[in-house]
Every structure is written in C-alpha cells, then in structure tokens.
Amino acid sequence: MRFDTKSTSLMGAVLGVAGAAGISATLGTQTAPLGALLGAAAPMSGDAADEFCLLMDAPYFSGLKKGCYTKDKLGDLAKEDLLNRRGDRVEVIMTSPPEAAESSDNCRTCEDYNRMRRLGWFALSGRDQRREAFFQRACGLLNYLEKATPPASTNFAVGNIDADALAALAPGTLLRLSGRAPGATGGDVPVAAASTSVRWAEEAEGYVITSEDQTVVIQPLVHADFDGDKLGDVLAYTRTQMNEGSAFAGTIGYFSRPEAEGPVTFTAR
C-alpha cells in the first residue's frame with residue numbers, strides 16, 4: 001500500500017484511517033458529476049492527448065468551468081488572483097518561519113503562495129488558515145498538473161472516483177486529524193475507524209465520508225496520470241473536520257487504482 005502525506009495547517013501530521021473495512025457506499029438521490037463513461041481500463045481518446053479535463057468547475061479561478069484545457073492554459077492561472085464564490089479576491093496573510101526575522105505579507109496568487117511555502121511561511125491565525133484552504137486546493141491543482149501526463153487508459157470505470165471506488169479504499173488511506181493506533185511507538189500510523197459511510201453531497205460538491213468522530217469531504221478535480229504508470233489517477237482536494245468543534249485540515253492528492261478490481265489508494269506529497 002502506498003500512503004504519503006504532509007502536515008497541514010492546524011493539526012500537524014495527518015494520520016491514516018482504515019478504509020475498505022466497514023465502508024458502505026450509498027449515493028441516495030444525488031448524482032455525482034462523474035465525467036465521460038470510459039469503461040475499466042478503457043483507452044483515452046486521441047483528442048485528449050494535449051489536454052486535461054476538469055471534473056468540476058474551479059470558481060477560485062475566474063471563469064474556469066468544468067471542461068478540457070491545455071497544460072499551458074492552466075499553468076498561466078498561477079499569476080491570477082484567487083476568488084471566492086462571490087467573485088471577491090481571496091487574500092491570506094502568511095507569516096515568516098520562527099527562525100527568520102518576524103514578518104508577514106499578503107498572498108493573493110499561486111505564484112505568491114508557492115514562493116512563500118518554499119520559504120517556510122505559514123498561515124498563523126484561524127481566519128487565515130481557513131482562507132489558506134483556497135490556496136491548498138487551487139495551487140495544489142496547478143502544481144500537480146505541472147508534472148502530470150494524459151493517461152493511456154484508466155481503471156476508474158467512469159473516469160472519476162465514485163462511491164464504488166471509495167468503497168474499495170485500501171486500509172490506511174483516508175485522512176485523520178489525530179489519533180494513534182494501540183501500541184504505536186511513534187510516527188504517523190494508521191488508525192482504525194469503528195464505522196464509516198460514503199455519500200455524494202451536492203452542497204459539499206463532493207463525496208462525504210463520515211466516521212464516529214470525523215468527516216472527510218473529497219472533491220474530485222481532474223483525471224490524469226500523476227505517477228507515471230500511464231494509468232489514469234483522480235486528483236482530489238480532501239478536507240477533514242472533527243464532528244465536534246472547528247478543527248480541520250485540508251490536503252490535495254490523487255487516488256490510484258493499478259488494477260481494475262484492486263484497491264484504491266490515496267497519495268499526497
């Protein structure tokens with residue numbers, strides 16, 4: 001099993017939680033935007049060879065709708081101001097690392113955000129940590145696509161994650177804010193969930209996976225090859241929140257399925 005992630009803004013290291021065991025897949029009456037029906041391991045069309053297709057609207061970039069775009073077109077977005085759903089510019093105040101001279105600066109674009117993150121800057125206040133989620137999602141999308149390639153085929157039957165794919169998550173795949181496995185001696189470890197369920201939620205624009213103490217929202221972004229195996233992966237933004245209280249963490253990574261009937265894994269770098 002592959003699982004790799006990095007610390008997020010509020011809670012430090014993000015830990016794994018058991019996936020396949022105990023998950024029930026229910027869509028209710030909602031229908032997810034699942035993209036083109038490709039079939040298991042279906043070949044990709046030649047028309048898609050130079051483009052990447054967004055699985056949902058990306059309103060944090062001006063006018064960016066669900067559809068297919070060239071890598072150059074998407075890369076140019078790094079210089080644009082990020083927007084909220086009302087179309088207002090989103091700013092986050094980033095603070096220099098403790099070992100540097102104390103300073104802060106406004107961050108408005110993915111160029112700003114990537115530069116500050118490389119220097120170790122971070123969002124300090126709760127308000128700015130919440131606003132940083134816009135940048136984690138939008139800039140993460142662009143950063144992953146920099147090295148992505150169009151896939152030759154895919155084992156995601158609909159060219160996207162769906163409830164069946166999420167029900168096949170490998171143990172240790174979903175994200176948790178905190179918790180330790182019994183007998184753990186250190187480091188990040190998988191933590192078992194007593195029971196989980198997965199459903200599509202229109203209001204969340206993604207799948208919602210709920211356990212006894214935490215809820216994970218998974219918003220699919222784009223279908224592409226992110227690990228170089230020529231198979232389609234699904235890049236997604238995930239947000240984990242405690243069911244009681246306001247603690248949350250967001251990250252972006254991709255779901256992989258190397259075999260048509262095999263487990264699904266999640267990787268974030």
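By convention here, the first residue in the shown sequence is residue 1. Just so it is clear, the model here is predicted, and its values are computed rather than measured. The basis for the numbers below is simple: all heavy atoms, side chains too, and nothing from hydrogens, waters or symmetry mates.
- One finds the CD1 atom of I161 at 10.0 Å from the CD atom of Q219 (value rounded to the nearest 0.5 Å).
- Defined by atom type and a distance below 3.5 Å, a donor-acceptor pair is present between the side-chain atoms of Y113 and E132.
- A ring-centre distance under 6.0 Å is found for F226 and Y254.
- Here SG of C139 is found 10.0 Å from CD of E111. Values are rounded to the nearest 0.5 Å.
- In this structure, the side chains of L82 and R108 stay at 4.5 Å or more apart for every pair of heavy atoms.
- Between the side chains of D81 and T109, not a single donor N or O lies within less than 3.5 Å of an accepting N or O.
- R127 has its side chain within reach of R130: a pair of non-hydrogen atoms, C-beta onward, lies under 4.5 Å apart.
- The shortest distance between side-chain heavy atoms of F52 and K71 falls below 4.5 Å.
- R239 places no side-chain N or O within donor-acceptor distance of the main-chain N or O of G250, the cut-off being under 3.5 Å.
- Without hydrogens or angle criteria, D57 side chain to P59 main chain gives no donor-acceptor distance under 3.5 Å.
- Within the 3.5 Å criterion, the main-chain N or O of A165 finds no donor-acceptor partner in the side chain of R257.
- Formation of a donor-acceptor pair under 3.5 Å by the D225 side chain with backbone atoms of P150 is not found in this model.
- One N or O on the side chain of R117 and one on the backbone of W121 form a donor-acceptor pair closer than 3.5 Å.
- The side-chain heavy atoms of L77 and L64, taken from C-beta on, include a pair separated by under 4.5 Å.
- Side-chain atoms of N84 and Y60, non-hydrogen and from C-beta on, never get closer than 4.5 Å to each other.
- Note that CG of L166 and CD1 of I209 are 5.0 Å apart. Values are rounded to the nearest 0.5 Å.
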